[in-house]
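So the structure is just underneath, and the comments pick up after that.
Since the model is a prediction, treat every value here as computed from it, not as a measurement.
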Amino acid sequence: QVQLVESGGALVQPGGSLRLSCAVSGFSLDYYAIGWFRQAPGKEREGVSCISSAKGTTYYADSVKGRFTISRDNAESTVYLQMNSLEPEDTAVYYCATPLEPACAVRRGLQANTMYSWGKGTLVTVSA
């Protein structure tokens, strides 16, 4: 059974950092990509980042490029999203997901409808 569980969300001040984790089971990171998405209140779900399986190719939305870093530990079946220089606009529920493909399909951004399975999300609040 494919499962993804996010953790690490918290309240953080502007300019601060957080590291989110996505622990997966039922499939191997050796073969499948993982994407991170976020959804703020009243807004559509936004594709933030993705890491492919084989070469570890990464994608970042323009809104987080240079501030967020995605990485993975295949042995621990965990994907991380390191978030630095956080801004109030980063406040959202963050989700990880897998397309159950080796790479994420990026066409005009990372699209939620390309994902096969999702975690339940973790809340990140950036506020003074």
Check whether Val106 and Ile70 end up in the same hydrophobic cluster, where Ile, Leu, Val, Met, Phe, Trp and Tyr are linked by side-chain heavy atoms less than 4.5 Å apart. no
Pairwise side-chain contact, Pro88 with Pro14, heavy-atom cut-off 4.5 Å (strictly under): yes
Joint hydrophobic cluster, Leu20 plus Val126, side-chain heavy atoms closer than 4.5 Å: yes
Glu46 and Ala61 have their tightest heavy-atom pair at OE2-CB, 4.3 Å
Distance check, rounded to the nearest 0.5 Å: Asp73 atom CG versus Leu29 atom CG? 8.5 Å
Would you say that Met83 contacts Tyr94 through its side chain, given a criterion of any heavy-atom pair below 4.5 Å between the two side chains? yes
For the atom pair CZ (Phe68) and CG (Leu18), what is the distance rounded to the nearest 0.5 Å? 9.0 Å
Which pairs pass side chain to side chain donor-acceptor pair (under 3.5 Å) with one or both residues in residues 4-19, sequence neighbours excluded? Ser17-Asn84
Does any part of the side chain of Ile51, heavy atoms only, come nearer than 4.5 Å to the side chain of Val79, both counted from C-beta? yes
Partner of Phe37 under side chain to side chain contact (heavy atoms under 4.5 Å, CB included), chosen from Val93, Leu110, Val48: Leu110
Taking the side chain as everything from C-beta on, heavy atoms only, tell me whether Asp90 gets closer than 4.5 Å to Val124. no
Which distance, rounded to the nearest 0.5 Å, do you find between the CD1 of Ile34 and the OG of Ser49? 11.5 Å
Relative to the ring of Tyr32, is the ring of Phe27 parallel (under 30°), tilted (30 to 60°) or perpendicular (over 60°)? perpendicular
Closest non-hydrogen contact found for Ser63 with Arg38 is OG-NH2, 3.5 Å
Would you find a donor on one side and an acceptor on the other, under 3.5 Å apart, between the side chain of Ser52 and the backbone of Thr57? yes
Rounded distance (nearest 0.5 Å) linking atom NZ of Lys65 with atom OG1 of Thr58: 9.5 Å
Does the side chain of Glu76 reach to within under 4.5 Å of the side chain of Ser21, using non-hydrogen atoms? no
Do the non-hydrogen side-chain atoms of Val24 and Cys22 ever get within less than 4.5 Å of each other? yes
So how far is it from Leu123 CG to Thr91 OG1, rounded to the nearest 0.5 Å? 8.0 Å
Any pair with a residue in residues 108-128 that passes side chain to side chain donor-acceptor pair (under 3.5 Å), sequence neighbours left out, goes on the list, sorted by first then second residue, please. none
Donor-acceptor pair, Thr98 side chain versus Ala33 backbone, under 3.5 Å? yes
Tyr60 vs Thr69 side-chain heavy atoms within contact, under 4.5 Å: yes
Could you check whether any side-chain heavy atom of Cys104 comes within less than 4.5 Å of a side-chain heavy atom of Met115, counting everything from C-beta outward? yes
